[in-house]
Amino acid sequence: MSGHSKWATIKRQKARVDAVRGKTFTQLSRAIIVATRNGIPDPDGNFQLRTAIEKAKAAGIPNDNIDRAIAKGAGTLDNSAQLEEIRYEGYGAGGVAIIVEALTDNRNRTAADLRSAFVKRGGNLGEMGCVGWMFDLKGVCTIVGSVDEDELLEASLVGGADVYELLDDDEQPGAEVFTTTTNLEHLNTTLCAQGFKVSDAELRWIPQTTVLVDDPEQSRQLLKLIEVLEALDDVQAVTANFDLADELL
């Protein structure tokens with residue numbers, strides 16, 4: 001079992017900055033609404049909803065806001081906006097492939113905002129499928145804290161994982177364990193039962209191959225584009241297929 005790319009490292013380093021301001025209440029609440037709509041309004045029987053609630057609580061969203069989002073998703077509140085999940089695809093500086101996952105009640109507004117962000121940062125928004133073939137959708141469980149690799153290997157095999165990656169980070173040790181999308185809940189349950197602290201269980205686009213970026217200006221453009229995209233309320237997640245050179249990291 002082996003790792004994937006430095007993209008995970010880039011995301012972890014950005015997460016430390018993002019954690020200061022946190023995900024907006026709007027973004028996390030929308031995730032709860034959609035999770036409720038896709039299943040049942042009971043987190044015990046809806047894994048997607050349960051993980052969305054856990055993220056919301058970790059970000060400090062009050063229980064009343066969470067309950068209201070669940071009610072909107074269940075259709076028990078009037079005048080609740082009809083959100084839809086949309087995947088956008090495009091290119092960053094140097095032809096780097098980028099996937100943007102969004103929840104929106106106005107796809108024209110979202111597309112316009114994304115197109116503007118791409119153009120201003122040296123990229124362009126493409127058609128659906130233009131870069132999606134370069135990625136695989138996987139289930140990912142993130143473990144925090146020191147990890148015994150032998151124990152992780154055993155738990156990963158029992159949980160039906162494909163691969164795992166130890167996080168090479170002295171400040172925030174841990175691991176990421178990858179599996180198929182349909183096996184994510186089983187893997188999460190297995191890892192927790194084996195005593196691992198799973199901080200996140202999510203579906204994530206994993207690049208099949210990556211592009212090495214060693215030009216400082218290009219790297220600044222790419223990271224700024226991702227920052228601008230992630231700041232949009234409609235955007236839930238952004239993934240790209242580039243690695244930064246070690247000296248830039």
Side-chain angles (χ1 to χ4, degrees), residues 5-34 52 55-56 59 61 81-137 140 200 202-245 248-249:
S5 75
K6 294 174 189 169
W7 175 248
T9 304
I10 297 169
K11 292 294 285 184
R12 287 195 298 275
Q13 292 182 350
K14 283 187 81 285
R16 294 177 187 173
V17 178
D18 295 340
V20 175
R21 64 176 183 267
K23 276 283 193 180
T24 68
F25 281 14
T26 299
Q27 289 171 310
L28 293 170
S29 296
R30 285 182 174 183
I32 293 174
I33 292 172
V34 172
K55 289 181 181 180
I61 293 184
Q82 291 300 308
L83 298 171
E84 57 179 327
E85 298 175 275
I86 306 178
R87 187 177 81 245
Y88 296 90
E89 302 177 16
Y91 299 92
V96 166
I98 298 177
I99 290 180
V100 181
E101 296 169 89
L103 295 175
T104 181
D105 57 359
N106 186 329
R107 60 167 59 201
N108 291 331
R109 179 197 65 224
T110 303
D113 289 344
L114 291 176
R115 186 172 293 107
S116 175
F118 271 95
V119 171
K120 289 180 179 179
R121 295 298 169 184
N124 64 282
L125 186 65
E127 298 294 330
M128 175 69 76
C130 67
V131 302
W133 58 273
M134 303 180 191
F135 297 79
D136 294 316
L137 186 60
V140 185
D200 199 4
E202 62 180 347
L203 297 181
R204 188 190 304 171
W205 291 96
I206 306 297
Q208 298 172 1
T209 59
T210 55
V211 177
L212 179 64
V213 175
D214 55 10
D215 178 73
E217 180 57 31
Q218 183 185 357
S219 69
R220 279 192 290 267
Q221 280 189 304
L222 289 169
L223 293 177
K224 185 60 179 178
L225 171 58
I226 292 172
E227 180 182 346
V228 170
L229 291 172
E230 289 182 335
L232 297 174
D233 282 344
D234 293 341
V235 172
Q236 296 298 110
V238 181
T239 306
N241 74 335
F242 70 94
D243 286 341
L244 286 183
L248 294 181
L249 276 174

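Residues P207 and A240 come closest through the heavy atom pair CG-O, 4.0 Å. Looking at every heavy atom in both residues, L28 comes nearest to A59 through CD1-CB, 3.4 Å. A pairwise comparison of heavy atoms in G132 and E89 identifies N-OE1, 2.8 Å as the closest pair. In terms of heavy-atom proximity, N106 sits nearest to R109 at OD1-N, 3.0 Å. Shortest non-hydrogen contact noted between A111 and L125 is O-CD2, 3.8 Å. Considering all non-hydrogen atoms of both residues, V131 and G90 come closest at CG1-O, 3.7 Å.
You'll find the side chain of Q218 reaches within 4.5 Å of the side chain of V96, heavy atoms only. The shortest side-chain heavy-atom distance between L229 and Y88 does not fall under the 4.5 Å cut-off. Counting only heavy atoms from C-beta outward, the side chains of Y91 and C130 approach each other to under 4.5 Å. Residues I61 and I32 form no side-chain contact, since every pair of their non-hydrogen atoms from C-beta on lies 4.5 Å or further apart. With contacts defined as side-chain heavy-atom distances shorter than 4.5 Å, the pair L232/V100 does not qualify. Residues W205 and I98 fail the side-chain proximity criterion, which asks for heavy atoms closer than 4.5 Å.
Taking CD of Q208 as the reference point, atom OG1 of T210 lies at 11.5 Å (rounded to 0.5 Å). Between I226 atom CD1 and Q221 atom CD the span is 12.0 Å, to the nearest 0.5 Å. Between the NZ atom of K55 and the CG atom of D200 there is a distance of 4.0 Å, given to the nearest 0.5 Å. A distance of 10.0 Å separates CZ of R121 from OG of S116, quoted to the nearest 0.5 Å. Taking CD1 of I86 as the reference point, atom CE of M128 lies at 8.0 Å (rounded to 0.5 Å). Of the inter-residue distances, the one linking D233 atom CG with T26 atom OG1 reads 4.5 Å to the nearest 0.5 angstrom.
Counting heavy atoms of neighbouring residues, nucleotides and ligands inside a 6.0 Å radius, atom CD of E217 exceeds 12 of them. Under a cut-off of 6.0 angstrom, the local environment of CZ in R107 is sparse, with at most 12 non-hydrogen atoms contributed by other residues, nucleotides or ligands.
Side-chain atoms of D234 never come within 3.5 Å of backbone atoms of T104 as a donor-acceptor pair (strictly under, hydrogens ignored). R30 places a side-chain N or O within 3.5 Å of a backbone atom of L103 that can act as its donor or acceptor partner. At least one donor-acceptor pair under 3.5 Å links the side chain of Q236 to the backbone N or O of Q27.
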(request) List the steps and the verdict of side-chain contact (heavy atoms from CB on, under 4.5 Å) for L222 and L244. (result) CA-CA 10 Å; L222 289 169; L244 286 183; 5.8 Å; no
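Checked against F135 for a side-chain contact (heavy atoms from CB on, under 4.5 Å), the options T209, T239, I206 give a single hit: T239.
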